[in-house]
Amino acid sequence: MFYSVRVDGTISLFSAEASGPGLADLAGVLCGPGRMTGFGRTAARLSAVVDEPWRAGALARECRRRGAEAQVSAAECGRPLVRTPFRVDLLPLEQRWNRGEEKVLPEGFRLDGAMLRMWALAAGSPQGNGYLLALDPEAPETHERLITALAQLGVRRITALAQLGVPAKAQKGEEALLRVTGRRRLAHVLELIGDAPAGAEPAWPSLVPVVRAV
């Protein structure tokens with residue numbers, strides 16, 4: 001399922017460079033495949049199963065930049081897994097993003113460029129002349145509210161485009177993607193997320209049109 005969106009201009013206050021890296025940025029991983037796991041009420045950890053090894057490595061380095069050590073291993077499904085140890089300072093994220101075993105979007109959640117940068121690392125990819133951001137297929141109730149959060153960054157939803165036979169609203173376990181198109185809009189996303197960290201260039205939006213072979 002694709003959500004088609006447009007990006008309007010917004011101020012650089014929300015860009016990834018507007019403030020130094022911090023643990024709050026890790027919420028961007030939770031916008032995509034990330035999960036918080038609590039250890040009683042004493043500690044929590046962040047984990048994310050991603051599609052490519054380079055993506056896990058880049059996420060681990062970005063976590064370390066924010067003071068949270070992270071290791072890369074293989075999940076039970078065989079895909080790359082990046083995971084922090086249990087930490088006391090990650091409890092606020094776990095308490096805000098979990099309701100029992102369900103992942104929820106916190107009340108009053110505000111997305112910024114630094115979080116969007118982490119989301120792009122975890123689940124962003126260029127496609128043709130557009131850019132895709134994957135949503136968590138196991139947390140469909142977060143999708144609409146994430147679109148609203150993106151609107152606060154200058155991203156406005158146009159329509160929800162369903163693939164053939166797929167209902168307009170994604171069901172649990174069904175792939176759902178945000179799609180951004182247009183050179184000006186992609187340039188704005190780049191302004192928000194900053195330059196790609198080393199090794200993560202395949203995840204970054206491209207302003208070079210893709211020429212299809214004839």
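Here, residue 1 is the first one in the sequence, and each next residue gets the next number.
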At their closest point, which heavy atom of [X] faces which heavy atom of [Y], and how far apart are they?
{"X": "R145", "Y": "L105", "answer": "NH1-O, 2.8 Å"}
{"X": "R61", "Y": "A198", "answer": "NH2-O, 3.0 Å"}
{"X": "R55", "Y": "A203", "answer": "NH1-CB, 3.8 Å"}
{"X": "P202", "Y": "P126", "answer": "O-CD, 3.1 Å"}
{"X": "L93", "Y": "L23", "answer": "CD1-O, 4.0 Å"}
{"X": "G199", "Y": "W54", "answer": "O-CE3, 3.5 Å"}

When clusters are formed by joining ILVMFWY residues with side-chain heavy atoms under 4.5 Å apart, either directly or through shared neighbours, do [X] and [Y] land in the same one?
{"X": "L192", "Y": "L190", "result": "yes"}
{"X": "L132", "Y": "V49", "result": "no"}
{"X": "V180", "Y": "I147", "result": "yes"}

side-chain contact (heavy atoms from CB on, under 4.5 Å) between W204 and V189: does it pass, once the steps are laid out?
CA-CA 10 Å; W204 244 234; V189 171; over 6 Å; no

Ion pair present between R117 and E62, side-chain N to carboxylate O less than 4.0 angstrom?
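Looking at E62 together with R117, the answer is yes, because their closest N to O distance falls below 4.0 Å.
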
Can a salt bridge be assigned to the pair D25 and R65 using a cut-off of 4.0 Å between side-chain N and carboxylate O?
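No.
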
Any [X] side-chain heavy atom under 4.5 Å of [Y] side chain:
{"X": "R87", "Y": "R45", "value": "no"}
{"X": "M115", "Y": "F109", "value": "yes"}
{"X": "L133", "Y": "L146", "value": "no"}
{"X": "D136", "Y": "P33", "value": "no"}
{"X": "E69", "Y": "T84", "value": "no"}
{"X": "L186", "Y": "S206", "value": "no"}

By the definition side chain to side chain contact (heavy atoms under 4.5 Å, CB included), identify the one residue from V82, L30, L59, T37 that meets it with L46.
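The residue from V82, L30, L59, T37 that satisfies side chain to side chain contact (heavy atoms under 4.5 Å, CB included) with L46 turns out to be L30.
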
Report the residue from V29, I193, L135 that forms a side chain to side chain contact (heavy atoms under 4.5 Å, CB included) with W119.
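The residue from V29, I193, L135 that satisfies side chain to side chain contact (heavy atoms under 4.5 Å, CB included) with W119 turns out to be L135.
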
What distance do [X] atom [atom1] and [Y] atom [atom2] have between them, rounded to the nearest 0.5 Å?
{"X": "T142", "Y": "E102", "atom1": "OG1", "atom2": "CD", "answer": "9.5 Å"}
{"X": "R35", "Y": "R83", "atom1": "CZ", "atom2": "CZ", "answer": "15.0 Å"}
{"X": "C63", "Y": "M118", "atom1": "SG", "atom2": "CE", "answer": "4.5 Å"}

Can you tell me if F39 has over 12 outside heavy atoms packed within less than 6.0 Å of its CZ?
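No - once you tally the heavy atoms of other residues, nucleotides and ligands closer than 6.0 Å, there are 12 at most.
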
Taking it one step at a time, do C31 and W97 satisfy side-chain contact (heavy atoms from CB on, under 4.5 Å)?
CA-CA 10 Å; C31 295; W97 283 82; 4.2 Å; yes

One pair to check against side-chain contact (heavy atoms from CB on, under 4.5 Å): E141 and V104. What are the steps and the verdict?
CA-CA 7 Å; E141 296 305 316; V104 298; over 6 Å; no

Flag, side chain of N98 to backbone of G38, donor-acceptor distance under 3.5 Å
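A pair under 3.5 Å: no.
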
Any salt bridge (charged side-chain N to carboxylate O under 4.0 Å, His left out) involving residues 196-207? Give me the pairs, sequence neighbours left out, ordered by first then second residue.
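Of all non-adjacent pairs touching residues 196-207, none passes salt bridge (charged side-chain N to carboxylate O under 4.0 Å, His left out).
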
Checking E138 against K103 for the side-chain contact (heavy atoms from CB on, under 4.5 Å) test, could you report, in this order, the C-alpha distance in whole Å, the side-chain angles of both residues, the deciding distance, and whether it holds?
CA-CA 8 Å; E138 299 302 320; K103 183 166 81 171; over 6 Å; no

